[in-house]
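As structure tokens, the structure follows; a few thoughts come after it.
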Amino acid sequence: MSYTGWILLTASLVGLSCSVIGVLLILRRMAMMADAISHTVLLGIVVAFLVTRQLAGVHMLVGAIMAGLLTAVLVQWLHSRGVQQEASIGIVFTTLFAVGVVLIATKVGNAHLDVQHSLMGEITFIPWETIHLPWIGSVPEAVVMLTLVLIFIVAVIIAFYKEWKITSFDPALAASLGIPVVLMHYMFMSLVSVTTVAAFDAVGAILVVAMLITPAAAAYLWTDRLSVMFVLSAIFGVLSAFAGYYAAVWLDTSISGSMAFATGVVFMISFLCSPKHGILAKRKIKPA
Amino acid sequence: MMDLSHNAQWVLMSTLLLGMAAGIIGSFAYWKRQSLMSDALSHAALPGVVIGYAVIGAKLLPVMLAGAAASAFAGSLLIQWIRSSSRVKEDTAMGIILSVFYGFGIMMLTIVTRMPGGNQSGLDSFIVGQAASMVRQDVMIMTGVALLVLLVAIVAFKEWKLFLFDPQFARGAGLSSRLMDAVYLTVLVLVIVAGIQAVGVILMAALLIIPSVSARYWTDHFGRMLILSALFGGAAGMGGTLISVYGEGLPTGPFIVIAAFALFAVSLVFGAKKGLVHTFLTQKAQKKHGMKLIPQQQLLEKGN
Amino acid sequence: MNSVLSVQGLSASYRKYQVLDRVSFEIQPGTLTGIIGPNGAGKSTLLKTLLELHPKLTGAVSFFGTSYKKAKNRVGYVPQRGSVDWDFPTDALDVVMMGLYGRIGWLRWPGRTHRQLALEALDKMGMADYAGRQISQLSGGQQQRVFLARALVQDADLYFLDEPLAGVDAATERAIMNTLQVLKENGKTVMVVHHDLQTVEDYFDHVLMLNRSVIAHGPTDAAFTKENMIRTYGGAIRWMGEMSG
């Protein structure tokens with residue numbers, strides 16, 4: 001596959017995984033939690049690196065999951081002590097992130113893990129870091145990881161579809177029916193962590209947030225059916241990835257920044273023009 | 001402290017004042033239940049900084065700060081608009097503005113730094129902060145902002161208290177919530193914009209959130225809470241700066257955050273009002289003596 | 001007598017306040033009990049604590065002679081309407097079907113029988129025509145009926161409802177109370193957190209009067225007296241002589 005092809009594929013995979021998880025994220029009102037986790041995975045990666053002295057994908061994933069779970073647990077704990085939800089998130093993630101930055105600055109030196117990189121990603125390097133797969137040949141490592149993550153996410157969502165639905169809509173009822181609401185919450189946090197770190201290399205932290213939240217929010221404005229929302233969100237994710245890439249090439253600018261901005265454009269269009277929930281449609285309905 | 005360089009003294013002053021201002025306005029944000037708004041607005045400020053630089057063609061601080069403020073304002077207006085005109089919830093709206101504006105900012109930043117004469121390191125510092133290289137001008141700005149915050153808080157103290165605790169009643173009593181909101185937002189944006197130079201976009205939110213939450217554990221009185229937040233914020237600013245100064249080359253921003261968190265941890269455990277130790281002792285006493293009927297007037301707290 | 005629910009010495013706190021103080025009572029099958037008391041007196045907390053949605057400090061609770069965990073599928077819960085996000089992309093039928101998720105089990109999809117059961121439940125609440133309607137387009141009363149249909153579809157033996165009549169129209173109120181009455185006639189047991197003192201005598205055959213502990217409990221005509229009311233509400237109400245309706 002061509003260089004551009006790999007980049008587009010990577011970006012699409014990021015768009016797909018993030019936007020699919022994003023649907024549950026915004027319905028569960030955990031958008032800012034995603035923001036938090038996308039920062040704290042930095043700490044997870046750093047610790048994983050310090051412990052294993054390797055930058056291998058698997059170690060990063062484990063570090064990320066643990067960081068994500070730690071974040072969720074700490075936020076939950078603080079909130080149960082009476083701190084507002086948002087403030088709890090703010091305290092936990094900024095502190096953990098600060099610790100991560102300090103560790104990088106003091107212990108890690110130059111090992112490819114600078115803060116800038118983690119925050120912004122560098123998709124242009126992706127096609128160069130390949131691994132060899134049987135039959136298929138040489139494939140960028142990021143593509144392999146993202147594909148596996150995507151398959152995993154979709155499988156988990158489909159397998160427990162009704163449980164995700166009910167725990168997002170009415171956790172109290174779900175608990176009374178015997179569904180393990182807390183377990184599913186932490187399972188979900190793990191999924192978010194895994195998705196985040198898989199996308200890290202490609203688009204960086206802040207822009208993972210854009211992909212996680214914005215396509216799903218756009219889809220939310222087009223449909224009243226959950227299943228359709230998932231599909232639309234995925235489409236918007238890929239659309240933003242493509243549009244963002246080509247805009248970046250045209251303007252000669254950051255690809256990840258451009259993709260994030262593209263998600264915003266898609267959202268704006270939806271916000272204004274959606275026949276069901278868009279502003280223009282609502283204005284028309286107003287009685288004369 | 002006499003062996004501190006001139007520069008270090010400026011930095012110390014700046015972060016002290018910044019911490020105090022952030023503590024006060026952060027308390028307001030907390031009671032408005034908008035703690036993470038500062039995170040969203042800090043990120044939304046980036047495009048403004050870059051555009052400000054691009055328009056002038058030179059790293060002129062006031063212009064860049066004005067750009068940052070304008071950009072943050074635009075972001076907050078968009079969040080309001082999205083939240084009020086569609087079924088998209090506030091946290092989602094914040095996430096959208098945060099990441100999209102920031103992405104746009106990165107796009108602009110990349111374009112600008114590739115232009116001839118683009119001084120990348122100057123703009124970059126807005127992202128991670130550059131407290132260590134602050135100069136006298138920065139202290140002037142910080143002082144101005146801090147004094148403004150103090151003025152606003154003191155002059156309208158009882159109005160703030162009313163507005164924050166019961167906006168509907170306040171409106172009924174003739175207090176214009178639009179005015180209060182506008183003033184609050186203006187001050188918030190100014191503090192954020194002044195602060196992101198020092199600690200960077202990501203960590204500014206910490207300074208706005210952590211000290212005010214810490215104060216909560218020591219008092220139930222609004223006025224005392226403001227004072228304590230200011231003290232904690234200032235202490236965090238100073239403490240973090242001192243550590244990084246004596247630590248030779250350690251980044252200032254993260255240590256300020258860690259210092260703030262340390263104060264929070266202490267408050268959480270030992271705080272006189274709601275700290276862990278206090279609660280533990282109270283519960284023990286409760287179990288021992290049983291409880292009397294609570295009077296009708298005491299309604300359950302519906303969360304803070 | 002085999003009581004359906006037996007509570008002994010239940011205590012619970014909410015933040016700093018002890019909201020339930022050694023609450024004890026027993027509920028017999030086939031009763032329709034109204035739980036009343038002032039705000040903050042622990043009514044909602046009682047329900048949540050019984051359903052293990054909220055931690056208890058002390059006390060023993062048994063459902064049908066056994067633990068809640070074992071009796072879970074015989075207990076139905078209708079939480080307060082405000083506890084849910086009505087913008088969620090789902091329709092009325094779907095919400096009712098959620099009541100069956102516990103029964104459908106892991107890794108299985110709802111089938112035709114489940115749809116049928118859900119439609120019947122909606123029909124019982126007069127909402128069959130609204131099956132495909134997005135829930136944000138329903139009125140408050142309609143939403144409450146959907147919630148009740150969801151509880152009916154669980155086919156439980158003991159139902160807890162938290163303020164089901166709050167903010168609903170008169171027709172819905174009648175529909176809900178009729179349904180509860182039918183449940184009772186079929187031998188089910190119902191407990192309702194209720195806010196309107198005027199209608200207690202009409203709606204409930206038993207009453208549980210709560211202000212952090214049980215002030216009175218028993219058949220309505222015996223327990224719902226002026227003295228007990230004053231003890232429950234602590235003088236915060238004015239007795240307006242004969243209450244109409």
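Lettering follows sequence order; numbering is per chain, from 1.
- Contact of B:Phe101 with chain A is not made at all, since no heavy-atom distance falls under 4.5 Å.
- No more than 12 heavy atoms of other residues, nucleotides or ligands sit less than 6.0 Å from atom CZ of A:Arg225.
- For chain A, the nearby part of B:Leu78 is the side chain; its heavy atoms alone come within less than 4.5 Å.
- Taking the side chain as every heavy atom from C-beta outward, B:Ile82 and A:Phe267 approach each other to under 4.5 Å.
- The backbone N or O of A:Thr253 sits nowhere less than 3.5 Å from a side-chain atom of B:Thr110 that would complete a donor-acceptor pair.
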Next item on the list: List the steps, then state whether side chain to side chain contact (heavy atoms under 4.5 Å, CB included) holds for A:Phe93 with B:Asp39.
Entry: CA-CA 11 Å; A:Phe93 98 82; B:Asp39 189 30; 3.5 Å; yes

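- With a 4.5 Å cut-off on non-hydrogen atoms, A:Asp252 touches chain B through its backbone and its side chain both.
- Atom CE of B:Met108 sits about 11.5 Å away from atom OG of A:Ser254, to the nearest 0.5 Å.
- Proximity to chain B is limited to the backbone of A:Met30, based on heavy atoms less than 4.5 angstrom apart.
- Looking only at side-chain heavy atoms (C-beta outward), B:Arg33 and A:Gln84 come within less than 4.5 Å of each other.
- Interface residue B:Asp91: backbone and side-chain heavy atoms are both found under 4.5 Å from chain A.
- Using a 4.5 Å heavy-atom threshold, the side chains of A:Glu86 and B:Met94 count as touching.
- Within the 4.5 Å cutoff, the side chain of A:His277 has no heavy atoms near those of the B:Ser86 side chain.
- Going from atom CG of B:Leu36 over to atom CD1 of A:Ile89 covers 6.0 Å, rounded to the nearest 0.5 Å.
- Evaluation of the side chain to side chain contact (heavy atoms under 4.5 Å, CB included) rule for A:Val73 yields A:Tyr186 as partners, not counting sequence neighbours.
- Here the side chains of A:Thr214 and B:Ser99 are in contact, with some heavy-atom distance below 4.5 Å.
- Residues B:Lys89 and A:Ile26 fail the side-chain proximity criterion, which asks for heavy atoms closer than 4.5 Å.
- Residue with the most contacts toward chain B among A:Gly90, A:Ser258, A:Ala247, A:Ala262: A:Ser258 (heavy-atom pairs, distance under 4.5 Å).
- Contact annotation for A:Leu272: only side-chain heavy atoms (C-beta onward) come within less than 4.5 Å of a heavy atom of chain B.
- Scanning for side chain to side chain donor-acceptor pair (under 3.5 Å) contacts around A:Trp164 gives an empty result, with sequence neighbours left out.
- Salt bridge status for B:Arg87 with A:Asp224: present, with a side-chain N to carboxylate O gap under 4.0 Å.
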Next item on the list: Applying side chain to side chain contact (heavy atoms under 4.5 Å, CB included), run through B:Tyr217 and A:Val83 and close with a yes or a no.
Entry: CA-CA 10 Å; B:Tyr217 287 93; A:Val83 181; 3.3 Å; yes

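- Considering only heavy atoms from C-beta on, B:Ile209 stays 4.5 Å or farther from A:Thr94 through its side chain.
- The distance from atom CG of A:Leu212 to atom OG1 of B:Thr92, rounded to the nearest 0.5 Å, is 11.5 Å.
- Between chain B and the residues A:Met32, A:Gln85, A:Met211, A:Met33, the largest count of heavy-atom pairs under 4.5 Å involves A:Met32.
- For B:Val213, the part lying near chain A is the side chain, with the backbone staying farther off; criterion is any non-hydrogen pair under 4.5 Å.
- If you tally non-hydrogen atom pairs under 4.5 Å between each of B:Val257, B:Val88, B:Ile96, B:Ile258 and chain A, the highest count goes to B:Ile96.
- Taking 4.5 Å as the limit, every side-chain heavy atom of B:Phe264 sits out of range of all side-chain heavy atoms of A:Thr95.
- Residue A:Leu78 touches chain B through its side chain alone, counting heavy-atom pairs closer than 4.5 Å.
- Closest of all the heavy-atom pairs between B:Val100 and A:Gly264 is CG2-CA, 3.6 Å.
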